[in-house]
Structure formats: C-alpha cells, structure tokens
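First comes the structure, then the notes that go with it.
Order of the sequence lines sets the chain letters (A, B, ...), proteins ahead of strands, with each chain counted from 1. Keep in mind that what you see is a predicted model, and the values were worked out from it rather than measured.
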2 protein chains.
Amino acid sequence: MGKHDDGQIGVVAALVRSTFLVNAVYAESAQKHGLTSQQGQLLCVLMAQPYGMGELSTMLGLAKSSLTGLVDRVERSGLVRRESDPQDLRTVRIALTPQGSRLAEGFYEETCRRIAQLPSELSARDRDTLADLLGRVVTDNKVPVVFIDHD
Amino acid sequence: MGKHDDGQIGVVAALVRSTFLVNAVYAESAQKHGLTSQQGQLLCVLMAQPYGMGELSTMLGLAKSSLTGLVDRVERSGLVRRESDPQDLRTVRIALTPQGSRLAEGFYEETCRRIAQLPSELSARDRDTLADLLGRVVTDNKVPVVFIDHD
DNA sequence: TGCCGTCAGTTCGCGCAGCGAACTTACGGC
DNA sequence: GCCGTAAGTTCGCTGCGCGAACTGACGGCA
C-alpha cells in the first residue's frame, strides 16, 4: 500500500481507480444502447442462460425486491420475459426475448471493444499478465460470472 | 479477448469482474460508515483538498446538478461545508468539516484494508506487478484522482 | 386429507442518485 | 453601464436499492 519510491501507485489505489474507469466506460456504453449499467449487467448475465429471480439476486448481489423492479423495467422495454415453470408455479425464469438478445449482443460487443482499449498501451505480453493476475484475484474472491468470455 | 487454451480469463472479463468486486467492497465499506458509495467517494476526493462544484463535477464525471444534491445530503450530515470565496462570490469551495475529516479517514482506512485483502492470495511480487500494470492503465486513460495513495 | 413451515416472488414506501432545462447571481470586457 | 459568460441551484423526472410485509405454491407429516 502507498506510493513506491519510483512514484508507482499502490495496488489499492490502482484497483479503485481502474474500477472507477471501467464503471464509467460500462455506463457510457450502456447509455449508447439505451440502457443503464444495471440493465446492461442483467442482460449480460442472461446471455449465458435464463435464471430465476433468486439466482439473479445472488449473482448480482441485490435484494430480491430490488430485482423485481429492475426486471420490471427491462421487461417493459421488451428485452426480457418472465417464463413460468409448470413444475413449480412459485418460480419464474427470466429469459431474453429475441430483441433483448440482439441488444445484449450489441451492448456486449461494444463494451468489450471499449474495455479492450483501456489497456491498449500495454504490450500483448503485459496484457496477458494483467489478465492472469486480475483473473486470479477474481477467482480467489469468488466473483460471480457477471461478464463472460466468448471465444 | 476470450478464453485462452489454459482456461485463463480474458483481460476484458477480468477487468469487468474485478470492477464488480471492488464496487461491492467499496459499497459495503461505505455502508458500514453510514455512507453511500458516492458519498464515500466525495469524501475521499475532498481528503486531498477542498474543491469547487465545477471541479468536483469534472473529477467525478457527474452533471453539476447531480453534484448539488450529493453535496446537499453530505452537508446535511455535517460532513462537509460550503465555503464562499470572497474573491468570486459565484464560486463555492466544498471542504470537509472536522467530523467529516474523521469519518473520511475511517472510511478510507477501512476501505484500503478491505481492498488490500482482495489480492492477498497473490505473492508480493505479483501484487507489485499488478499495481504497476493497473497503474499504467489508469494513468494512460487519465483517470482523475478519486482515490489517493498515502505513504 | 388437511395443516403448516418454508420458499419464491411481489408490493409498498422510503431515500439516494443522476440527468437536462431553466433560472439566478456574479464576474469581466468593452 | 451593458452584455455575454461562467458557477451553482432549482425543478421535475426516472431509475436504483433496501427492508418489511404480504401472497401464493410446495412439500412434509400426521
């Protein structure tokens, strides 16, 4: 923690400030697609597969009641659908509509492009190292898969 | 971008997911001090020195009208004060009150501690490397100093 | 069969966050 | 002294997030 002799930033400040940066880029990209950050995040999670409200609540770290509203708004935009499970009438599965799927793809693609540009000054080798180290931090801390990798 | 052969995560996903992680830790730490993330961020910025509304607006990436409300709420809690500049009666300087300064110190200290724990599985050497690489990303992209390093 | 604890999700009321448009006041040049 | 401009505020709006209370369905168990 704290500055090093050579003026290098501490790992804590680096994490916080890069978070600030990614937040801004993410929000900006979402806005260009008519979404909020939270809505974009929801769509990205649903790209993998449909989930129930409880699962989404856990993955996104939100109270169930917060999720109801978020899904409501996104459903109202026609991007998502509540599907009921005939096996268990209590549960609901949130799935992307075709329109939502298209929008999610577009948002995901642009967001990836923008975020990929952030470390563009780094060498390919350094980017790999960064991905490795950050990836280990992420897995060590059991961060839910709120953003997937595609091949 | 995309997964590597060895299952390593891509740099984009690593950035997004670590951002998600830091956001959560930051919010949790703020909450323990009776703050929201945004209020905590404001206090951290003001730890360095007082700023005008316009400067804060730029640094935090918010509209001026958004800042008015944020400062209002924090001022109402007695953490911050609007000081008027006799040289230019239009401008206002936002400064921490003694109470706000104490709270900011406590919040900052705990947040640093928590965030420092995130890469605790990494070797000291790897943490340094991570700090270096992320620090370069941050400076390359001209992220405002929303979180400082102390020695 | 009927009851009851539990689980999934929603509703409600609240305060915070963020925005743009319109406004107020002060500064400073001419 | 006037006018363009700059700094902040106000207003009305939507979205976000929470906890407490509620509804309805499931499933065990007698």
(message) Distance under 4.0 Å to a non-hydrogen atom of chain B counts as contact; along DNA chain D, which nucleotides mark the start and end?
(response) dA6(D) to dT10(D)
(message) What's R93(B) touching, base or sugar-phosphate or nothing? Going by heavy atoms closer than 4.0 Å.
(response)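 Nothing, no heavy atom under 4.0 Å.
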(message) Taking any heavy-atom pair under 4.0 Å as a contact, classify R76(B): base, sugar-phosphate, or nothing.
(response)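 Answer is nothing: R76(B) stays at 4.0 Å or more from every strand.
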(request) Sequence neighbours left out, what pairs pass ring-ring contact (aromatic ring centres under 6.0 Å, His included) with at least one residue falling in residues 118-147 of chain A? (result)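 Matches after skipping sequence neighbours: Y108(A)-F147(A).
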(request) For Q31(A), look at atom CD and say whether over 12 heavy atoms of other residues, nucleotides or ligands are found less than 6.0 Å away. (result) no
(request) Could you list by number each residue of residues 61-74 of chain B showing a heavy-atom separation from DNA chain D of less than 4.0 Å, or answer none if no residue does? (result) K64(B), S65(B), T68(B)
(message) Using a 4.0 Å cut-off on heavy atoms, which residues in residues 23-53 of chain B reach DNA chain D? List them by number, or say none.
(response)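 Listed by number, they are G52(B), M53(B).
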Contacts under 3.5 Å, N or O only, protein and nucleotides 23-30 of chain C:
unit_1  : atom_1 : unit_2 : atom_2 : d
dC27(C) : OP1    : L89(B) : N      : 2.8

(message) Can a donor-acceptor pair be found, under 3.5 Å and without considering hydrogens, that links the side chain of R81(A) to the backbone of T97(A)?
(response)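 No.
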Salt bridge (Lys or Arg N to Asp or Glu O under 4.0 Å) partners of [X], counting only residues at least two apart:
{"X": "R102(B)", "answer": "none"}
{"X": "E75(A)", "answer": "R82(A)"}
{"X": "R136(B)", "answer": "D126(A), D132(B)"}

(message) Any carboxylate oxygen within less than 4.0 angstrom of a Lys/Arg side-chain nitrogen, looking at E28(B) and K32(B)?
(response) no
(request) Using the side-chain hydrogen bond (donor to acceptor under 3.5 Å, both in side chains) rule, collect all pairs that involve residues 50-67 of chain A, keeping only residues at least two apart or in two chains. (result)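 Residue pairs with at least one partner in residues 50-67 of chain A: there are none.
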(request) Could you pull out the closest heavy-atom pair between V143(A) and R17(B), with the gap in Å? (result) O-NH2, 2.7 Å
(request) Please state how far atom CD in E83(A) lies from atom C1' in dG9(C), giving the value in whole angstrom units. (result)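 After rounding, the reported distance stands at 16 Å.
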(request) Could you state the atom-to-atom distance from CG of L79(B) to P of dC16(C) in whole Å? (result)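 Rounded to whole Å, this separation is 13 Å.
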(message) List the residues meeting side-chain contact (heavy atoms from CB on, under 4.5 Å) with R125(A), not counting sequence neighbours, and say none if there are none.
(response)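 Applying side-chain contact (heavy atoms from CB on, under 4.5 Å) to R125(A) gives S123(A).
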(message) Nearest 0.5 Å, please: how far is CG in L103(A) from CG in L43(A)?
(response)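 So the CG of L43(A) and the CG of L103(A) are separated by 6.0 Å.
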Which donor-acceptor pairs under 3.5 Å do side chains of residues 84-92 of chain A form with protein atoms, sequence neighbours excluded?
unit_1 : atom_1 : unit_2 : atom_2 : d
D85(A) : OD1    : Q87(A) : N      : 2.9
D88(A) : OD1    : R90(A) : N      : 3.0
D88(A) : OD1    : R90(A) : NE     : 3.2
D88(A) : OD2    : R90(A) : NH2    : 3.1
T91(A) : OG1    : D88(A) : O      : 3.2

(message) I'd like to check the ring pair (Phe, Tyr, Trp, His ring centres under 6.0 Å) partners of Y26(A); sequence neighbours left out, ordered by chain and number.
(response) F107(A)
